[in-house]
Amino acid sequence: MTYDLLIIGGGINGAAIAREAALNGLTVLLVEKGDLAGATSSASTGLIHGGLRYLEYYEFKLVAEALRERERLVHAAPHIIRPMLFVLPFENAARPWWMLRIGLYLYDFLGGKMSLPRSRGLRKADTGFTAPLSGGNRGFVYSDAQVDDARLTVLNAIDAAANGAQIAVRTELLSARRDGGVWRAALSDDRTVTARALVNAGGPWVHQMLGKLGVNAASGIRLIKGSHIVVPKLYDGDHAYILQQPDGRIVFAIPYQRDFTEIGTTDIPVAAPEDAVIDADEIAYLCEAVNRHFVAQIGPDDVRSTWSGVRPLYDDGASEAKAVTRDYVLELDTNGPALLSIFGGKITTARHLAEEALEKLAKPMGFTRRPVTRSRPFPGGDIGNFPDFLTKVQATWPFLGEVRGARMAHGYGSLIFDLLAGVSDESGLGVQFGGTLTEVEARWMHDREWARVADDVLYRRSKAGLHMTADERAAFASWWANAYPD
């Protein structure tokens with residue numbers, strides 16, 4: 001079979017392009033050598049945001065685009081994207097008051113008409129925001145949103161597959177060459193396929209992939225490691241903090257998985273994608289970043305989990321990692337059948353990137369692109385008001401319990417009605433593994449979400465592994481190996 005589009009890479013960009021292309025009527029094959037969102041796309045800070053700090057680098061176009069996308073996404077995926085208030089304390093500020101106030105006014109302006117609350121100053125009544133802080137009560141409050149990054153990637157793939165795309169995980173591109181008017185590609189599953197065009201969405205491996213294709217890139221990337229730590233909950237409330245540091249960077253403190261606080265990120269240049277491992281200096285840096293601002297003090301012994309991702313940022317010549325643009329560049333090579341390579345990008349703008357990718361490919365491939373996802377809900381996102389939807393879920397399946405019911409409502413949205421079809425009591429959930437994870441979910445993730453190894457379930461499709469004991473995780477891995485030996 002000859003596909004219209006062969007996409008290499010199952011991160012957020014590859015999955016979003018697969019969705020956009022399938023909805024435009026193209027035949028699509030996406031291949032991913034590991035798991036969907038198996039690298040950078042499951043190692044982000046987990047924010048849908050305009051990028052407030054990008055304003056000081058004059059990234060006005062990027063911020064405006066990202067804020068427009070934020071508005072679209074909070075309505076398209078209200079189950080996995082949660083609007084969130086961010087507190088920006090002025091204590092230990094590395095920037096003057098007037099600069100912060102102007103920046104927030106500009107952030108609101110660039111966002112245009114939006115449903116999230118606009119920025120304001122901290123008030124005396126904001127004791128819930130100021131009580132955790134060791135400094136005074138001066139500062140600001142503004143809005144952005146939190147997302148389950150790995151699930152957003154998977155939802156893109158689900159929608160793509162529902163519209164005809166083929167998704168092949170644990171499948172590596174071994175080689176590909178131009179052969180007349182098509183690409184001829186050899187895959188690790190012993191298939192040889194042909195495609196009219198190829199998309200290189202390899203993320204941190206984009207240059208390595210070009211080398212495999214025998215193509216020289218005109219654009220460069222800088223590999224920047226961003227690390228995060230998770231500690232026991234530092235404060236009550238559903239709000240986050242954006243904390244200024246003496247080196248001019250900012251660090252987020254964000255509610256995470258009901259019992260924890262996520263802290264990140266760092267910006268460390270690295271030589272290879274495989275360098276996505278946190279080190280002791282980064283842990284110390286993130287602990288100190290929080291300790292400058294919070295009453296609660298933490299150290300390395302408080303860290304319960306970590307993750308690191310290597311961001312493939314377009315190399316714009318900036319001297320410091322923190323100043324490198326977060327915008328993306330799409331490089332089209334039409335020396336034969338089309339090759340589109342993706343440099344840079346971020347979770348928030350992946351849908352828009354996919355639109356631009358299809359626009360780039362439309363002329364050389366000879367099709368008419370239509371913008372098909374701007375108001376399209378993601379799978380499970382057609383739920384309306386989330387609090388009302390959660391009430392319905394808990395009334396329909398009271399045996400789930402409050403914590404599990406909320407987690408599943410967030411994770412699946414309206415797809416929960418398919419997942420739990422025919423389940424009328426707790427016995428219908430099957431084996432209960434701990435961390436609120438059950439057999440019915442695990443089998444759904446295998447059959448409908450391309451989970452192939454235990455960690456795909458524990459740390460990407462769900463975050464249940466964080467709430468399980470070592471013995472529970474081992475027991476689940478054993479069950480999985482027996483249930484799915486291949």
Q: Apply side-chain contact (heavy atoms from CB on, under 4.5 Å) to the pair Y241 and L133, showing each step before the final yes or no.
A: CA-CA 10 Å; Y241 291 88; L133 300 172; 3.8 Å; yes
Short question: side chain of [X], backbone of [Y] - any donor-acceptor pair under 3.5 Å?
| X | Y | answer |
| --- | --- | --- |
| W307 | G226 | no |
| R452 | V169 | no |
| S44 | T40 | no |
| R82 | V147 | no |
| E282 | D279 | yes |
| E439 | V431 | yes |
| Q146 | P255 | yes |
| H293 | Q244 | yes |
| N200 | V206 | yes |
| R249 | T265 | yes |

How close do [X] and [Y] get, heavy atom to heavy atom, and via which atoms?
| X | Y | answer |
| --- | --- | --- |
| I278 | K225 | CA-NZ, 4.5 Å |
| M84 | A240 | SD-CB, 3.7 Å |
| Y142 | S119 | CB-CB, 3.8 Å |
| S414 | G381 | OG-N, 4.4 Å |
| C287 | P300 | SG-N, 3.9 Å |
| L353 | I342 | CD1-CG2, 3.8 Å |

Q: Test E449 against every option in R460, R151, R443 by the salt bridge (Lys or Arg N to Asp or Glu O under 4.0 Å) rule and name the one that passes.
A: R151
(Q) I'd like to know if R72 and E69 make a salt bridge, using a cut-off of under 4.0 Å between side-chain N and carboxylate O. (A) yes
Q | Salt-bridge criterion met for R461 and E441 (N-O under 4.0 Å) | A | no
Kindly compute the distance separating [atom1] ([X]) from [atom2] ([Y]), expressed to the nearest 0.5 Å.
| X | Y | atom1 | atom2 | result |
| --- | --- | --- | --- | --- |
| W397 | K392 | CH2 | NZ | 8.0 Å |
| D456 | D35 | CG | CG | 3.5 Å |
| L198 | L6 | CG | CG | 4.5 Å |
| L116 | L67 | CG | CG | 9.5 Å |
| F252 | L243 | CZ | CG | 9.0 Å |
| W183 | L173 | CH2 | CG | 9.5 Å |

Q: Establish, yes or no, whether a centroid distance under 6.0 Å links the rings of H239 and F129.
A: yes
Tell me, yes or no, whether the heavy-atom count around [X] atom [atom1], taken from other residues, nucleotides or ligands under 6.0 Å, exceeds 12.
| X | atom1 | result |
| --- | --- | --- |
| D238 | CG | no |
| K212 | NZ | yes |
| R170 | CZ | yes |

Q) With sequence neighbours left out, what residues match D148 under salt bridge (charged side-chain N to carboxylate O under 4.0 Å, His left out)? A) K463
Q) What residues, two or more places apart in sequence or in another chain, satisfy side chain to side chain contact (heavy atoms under 4.5 Å, CB included) together with H467? A) Q257, R258, D259, F260
